[in-house]
Amino acid sequence: MRIGGLVKNTALDFPGILGAVVFTQGCNFTCPYCHNPHLVRFFGLPVSETEVMEFLRKRRGLLDGLVISGGEPTLQPDLAEFCKKTRGLGYLVKVDTNGSRPEVIADLIERGLINYVALDLKTDPRAYPAELSPTGLGDAIIDTVNILKRSSVAHEFRVTAAAPFINPASMEALARAAAGEAPLYIQKYRPDNILSPDYMSAYEQPSPSDLESLREIASPYLPCLIR
Ligand code: SF4
């Protein structure tokens, strides 16, 4: 595993669970508002997998879960093995994903290696532009949405209210695709240290009333909250 960082204690990232977070390195997306630009590309290995496992061994009984975030965790070839080791130590595992590798998420679910998935939806799942996903996606995002909806694994959908990707039409399209009982959380992007600094000058942050309007568009389809 290429690990770019470890947060040793969080009560915010895994619903109802006190846990830690590992951030994997490498992403196949180029969201201009990404606030983890240092994780999008490989930059060496500040934290080894051995260190993470040693940390988890020592914290058994004090922490209950591990969040695997990124970057994009599903690009790591040994993600399943890493989840298996973590589960073997008694931890619950949550994976944060951009949804581009449905086959990886399906495999992790089928093998019982993960307990929670947070899927970031960036725009209408059927129409990701090259600006977000330079390599193209086909039906990958909609496949991941459907895998989660069919599974018994707890999950949530998340959306960063960032123009021009999120607007009333794309919000309705993604809410319609994700429709069901799992929640959708709307969040603003963090303006500090983003992947494409020019993005800040081109688009304004949404106002509270913009966020509320987006929430109202999604609410007929699934529980929707502003974070
Ligand atoms: S915000 Fe976009 S570019 Fe950044 S890690 Fe997530 S999917 Fe990758």
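All ligand and atom numbering here is 1-based and tracks the order in the structure. The first residue of the sequence shown is numbered 1, and numbering continues consecutively from there.
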>> The test is side chain to side chain donor-acceptor pair (under 3.5 Å); show your working for Thr135 and Asn28 and say whether it passes.
In response: CA-CA 8 Å; Thr135 53; Asn28 51 350; 5.3 Å; no

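- Around atom 8 (Fe) of ligand 1, the protein contributes the following N, O or S atoms under 2.8 Å, ordered by chain and number: Cys27 SG.
- The only option from Val52, Leu113, Thr24 that meets the side chain to side chain contact (heavy atoms under 4.5 Å, CB included) definition with Phe82 turns out to be Val52.
- Between Tyr189 and Tyr199, the two ring planes are perpendicular [angle over 60°; tilted spans 30° to 60°].
- Residues passing the side-chain hydrogen bond (donor to acceptor under 3.5 Å, both in side chains) test with Thr160 are Gln187, sequence neighbours excluded.
- Within the 4.0 Å heavy-atom shell around ligand 1 one finds Lys122.
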> Does the side-chain contact (heavy atoms from CB on, under 4.5 Å) test come out yes or no for Phe55 and Leu63, once each step is laid out?
Replying inline: CA-CA 11 Å; Phe55 165 77; Leu63 299 175; 3.9 Å; yes

>> One pair to check against side-chain contact (heavy atoms from CB on, under 4.5 Å): His35 and Asp192. What are the steps and the verdict?
In response: CA-CA 7 Å; His35 69 273; Asp192 50 308; 5.6 Å; no

